[in-house]
Amino acid sequence: MTKSNKFIFWAPRIISILFILFLSLFSLDVFEGDYGFWGTIFGLIMHNIPVFILTILLIISWKHELVGAITFAVAGLFYIGFLLSDAVINSKFEWYMFSWTGIIAGPAFLVGYLFYLNWKRKIKKKK
């Protein structure tokens, strides 16, 4: 396996692990409130639902790169759609919300694209 093939194989996996860990950091704000033990546990579980979903998708994508390409791209689109719908519903849309899409959806799109490149490389290799 050449260096470029190793990079294309490992990059989406490593970046997605880092991305999932980054998303899990947002759940730590549950400790700021006075929710009690079970309220804190429930809050952690609720905040980490996207983390759990993306972890399951990463496990599936480890062998089936096309699943990773589609699902991480859809996750990025889902986040943008959620952000825009929330801004429309609450009538609050500020310019800095565009940076949120780059911070959250950007890595998801990058991981999806890298999984797609890995899938294309695997298809070419089979021919």
Side-chain angles (χ1 to χ4, degrees):
M1 189 180 273
T2 65
K3 282 189 177 190
S4 65
N5 286 343
K6 285 182 182 180
F7 175 79
I8 291 174
F9 179 82
W10 284 108
R13 289 153 176 85
I14 292 171
I15 294 171
S16 61
I17 290 169
L18 294 174
F19 177 60
I20 290 168
L21 289 173
F22 172 69
L23 289 179
S24 69
L25 290 176
F26 290 110
S27 68
L28 297 177
D29 69 342
V30 77
F31 292 110
E32 291 179 1
D34 186 26
Y35 303 116
F37 178 76
W38 291 111
T40 303
I41 296 297
F42 181 72
L44 280 172
I45 291 170
M46 292 302 292
H47 277 81
N48 282 314
I49 288 174
V51 170
F52 299 145
I53 292 170
L54 287 176
T55 302
I56 291 167
L57 292 173
L58 174 61
I59 292 168
I60 295 168
S61 302
W62 206 276
K63 293 281 184 184
H64 307 285
E65 290 86 2
L66 187 58
V67 172
I70 293 169
T71 56
F72 276 92
V74 168
L77 289 173
F78 179 76
Y79 178 76
I80 292 172
F82 177 76
L83 182 68
L84 291 176
S85 68
D86 186 51
V88 169
I89 290 170
N90 295 329
S91 299
K92 292 188 279 184
F93 188 76
E94 301 291 332
W95 62 270
Y96 57 83
M97 291 181 176
F98 286 117
S99 67
W100 296 353
T101 61
I103 292 170
I104 303 295
F109 289 137
L110 175 65
V111 169
Y113 179 69
L114 289 171
F115 270 123
Y116 174 74
L117 288 178
N118 195 11
W119 176 74
K120 288 293 272 188
R121 182 194 54 81
K122 189 185 277 188
I123 295 296
K124 283 184 181 179
K125 190 175 176 182
K126 286 183 181 180
K127 288 183 182 182

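Of all heavy-atom pairs between P107 and G102, the closest is CD-O, 3.4 Å. Between S24 and N48, the closest heavy-atom pair is CA-OD1, 3.7 Å. The heavy-atom pair separating G76 from A105 by the smallest distance is O-CB, 3.6 Å. Looking at every heavy atom in both residues, I104 comes nearest to F22 through CD1-CE2, 3.9 Å.
Within the 4.5 Å cutoff, the side chain of F115 has no heavy atoms near those of the V67 side chain. No side-chain heavy atom of S27 sits less than 4.5 Å from a side-chain heavy atom of V51. Between V30 and F42 there is no side-chain heavy-atom pair separated by less than 4.5 Å.
Tracing side-chain contacts under 4.5 Å through hydrophobic residues (I, L, V, M, F, W, Y), one reaches F72 starting from F7; they form part of the same cluster. The cluster map of Ile, Leu, Val, Met, Phe, Trp and Tyr, joined by side-chain heavy atoms under 4.5 Å apart, puts I60 and L23 in different clusters. Using a 4.5 Å cut-off between side-chain heavy atoms of Ile, Leu, Val, Met, Phe, Trp and Tyr, with links allowed through other members, I103 and L21 fall into the same hydrophobic cluster. The cluster map of Ile, Leu, Val, Met, Phe, Trp and Tyr, joined by side-chain heavy atoms under 4.5 Å apart, puts Y113 and I8 in the same cluster. F82 and F26 are assigned to two separate hydrophobic clusters, defined by single-linkage of ILVMFWY side chains at heavy-atom distances under 4.5 Å.
Other residues, nucleotides and ligands contribute over 12 non-hydrogen atoms within 6.0 Å of the CZ atom of F109.
Rounded to the nearest 0.5 angstrom, T55 OG1 and I20 CD1 are separated by 4.0 Å. Rounding to the nearest 0.5 Å gives a distance of 9.0 Å between CG of L44 and CG of D29. Between atom NZ of residue K120 and atom CD of residue E65 there is a gap of 13.5 Å, rounded to the nearest 0.5 Å. To the nearest 0.5 Å, atom CG of residue N5 and atom CH2 of residue W10 are 14.0 Å apart. The distance from the CD1 atom of I45 to the CZ atom of F52 is 6.5 Å, given to the nearest 0.5 Å.
With R13 contributing its side chain and W62 its backbone, the two residues share a donor-acceptor pair below 3.5 Å. N118 places no side-chain N or O within 3.5 Å of a backbone atom of L114 that could act as its donor or acceptor partner. A donor-acceptor pair under 3.5 Å links the side-chain atoms of H47 to the main chain of G43, judged by distance alone.
A side chain to side chain donor-acceptor pair (under 3.5 Å) check over residues 34-43, counting only residues at least two apart or in different chains, returns nothing.
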**Q.** Stepwise side chain to side chain contact (heavy atoms under 4.5 Å, CB included) test for L58 and L54
**A.** CA-CA 6 Å; L58 174 61; L54 287 176; over 6 Å; no
Q: Any chance you could lay out the side chain to side chain contact (heavy atoms under 4.5 Å, CB included) test for L28 and F31, step after step, and finish with the verdict?
A: CA-CA 6 Å; L28 297 177; F31 292 110; 4.0 Å; yes
